[in-house]
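Here is the structure we will look at, set down as structure tokens.
We're numbering straight along the sequence, starting at 1.
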Amino acid sequence: MTSRYAWITGALLLFAPLLAQAAPEGIPALSLTTTEDGEQQYSVTLQIVALMTALSFLPAALMMMTSFTRIIVTFAILRQAIGLQQTPSNQILIGLALFLSIFIMSPVFERANQEALQPYLSGDMAAMEAVESASQPFREFMIGQTRKTDLNMFVRIAGEEDSYEGPEDVSFWILMPAFVTSELKTAFQIGFMLFIPFLIIDMVVASVLMAMGMMMLSPIIISLPFKIMLFVLVDGWAMVMGTLAASYGL
């Protein structure tokens, strides 16, 4: 075994100079060109690096700029209200929230594609201009779902009360936390409404067990089948997902 490793190492040392000579010249990492109208464009290599870096922030952008937060929090509260700890699993809830978010956000994605991505791919729009155009549909969506009180709070925290004339002028970095705060508040409001029927069932079952003197029997064991049956009879999943979609004006 040792002689085999020694033979491989010797072969690599022997052919290393040949491989180094045959290697192509490196691609320049940065190439900046100035167009006729004065704009500056970066090389394709740098654009690819910037794109790969931006993809690492995609999960955060998914939660901060779409309907994903409201949906997944509502699903988590619903599962807790029913009393099921691991059913449906986290993977199923996340997948369901993801595809429901794509359904809700499809008009925004389509507009961003038409106004920013396609012009950029066809060469009619620069990279930074395309990013600015793509952010406008998301900005309008987020402003439409953000409460003024939450937006004013973050503007006040940033100390920029007199810097903006209206919500459409607010910085993206202020709009995103305000949007997420509003989404969490709305999700908890929907979750509260979902919790009430299941809480009533728990209270009725606990009262019946106390009246029967069965204090050692956990009410959750008895109430769980009734809560599942109620949720199935009222077509609960369709109602919840329909309510979430309707909360965005669909």
Any chance you could measure [X], atom [atom1], to [Y], atom [atom2], to the nearest 0.5 Å?
| X | Y | atom1 | atom2 | result |
| --- | --- | --- | --- | --- |
| Ile143 | Ser182 | CD1 | OG | 12.0 Å |
| Lys185 | Gln189 | NZ | CD | 6.0 Å |
| Phe138 | Met105 | CZ | CE | 5.0 Å |
| Met142 | Leu151 | CE | CG | 10.0 Å |
| Met193 | Thr74 | CE | OG1 | 12.5 Å |
| Asp235 | Met241 | CG | CE | 8.5 Å |

Flag for [Y]-[X]: side-chain donor and acceptor within less than 3.5 Å:
| X | Y | value |
| --- | --- | --- |
| Glu140 | Gln136 | no |
| Thr186 | Arg147 | yes |
| Thr181 | Asp150 | no |

Would you say the side chain of [Y] lies within less than 4.5 Å of the side chain of [X], judging by non-hydrogen atoms?
| X | Y | value |
| --- | --- | --- |
| Ile228 | Leu84 | yes |
| Leu224 | Ile82 | yes |
| Leu244 | Phe75 | yes |
| Thr87 | Arg79 | no |
| Val180 | Met176 | no |
| Phe231 | Leu78 | yes |
| Glu183 | Phe68 | no |
| Tyr248 | Arg70 | yes |

Stepwise side chain to side chain contact (heavy atoms under 4.5 Å, CB included) test for Ile104 and Ile71: CA-CA 11 Å; Ile104 294 173; Ile71 296 172; 3.8 Å; yes
Audit row: Leu175, Thr146, side chain to side chain contact (heavy atoms under 4.5 Å, CB included) steps and yes/no: CA-CA 8 Å; Leu175 179 59; Thr146 304; 4.1 Å; yes
Single-linkage hydrophobic cluster, 4.5 Å side-chain cutoff, Phe103 and Ile92 together: no
Shared hydrophobic cluster, Ile201 / Val208 (ILVMFWY, side-chain heavy atoms < 4.5 Å):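 Linked within one cluster.
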Shortest non-hydrogen separation from Phe198 to Ala81 and the atoms involved: CB-O, 3.5 Å
Closest heavy-atom pair and its distance - Phe109, Ile102: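 Heavy atoms of Phe109 and Ile102 come nearest at CE1-CA, 4.3 Å.
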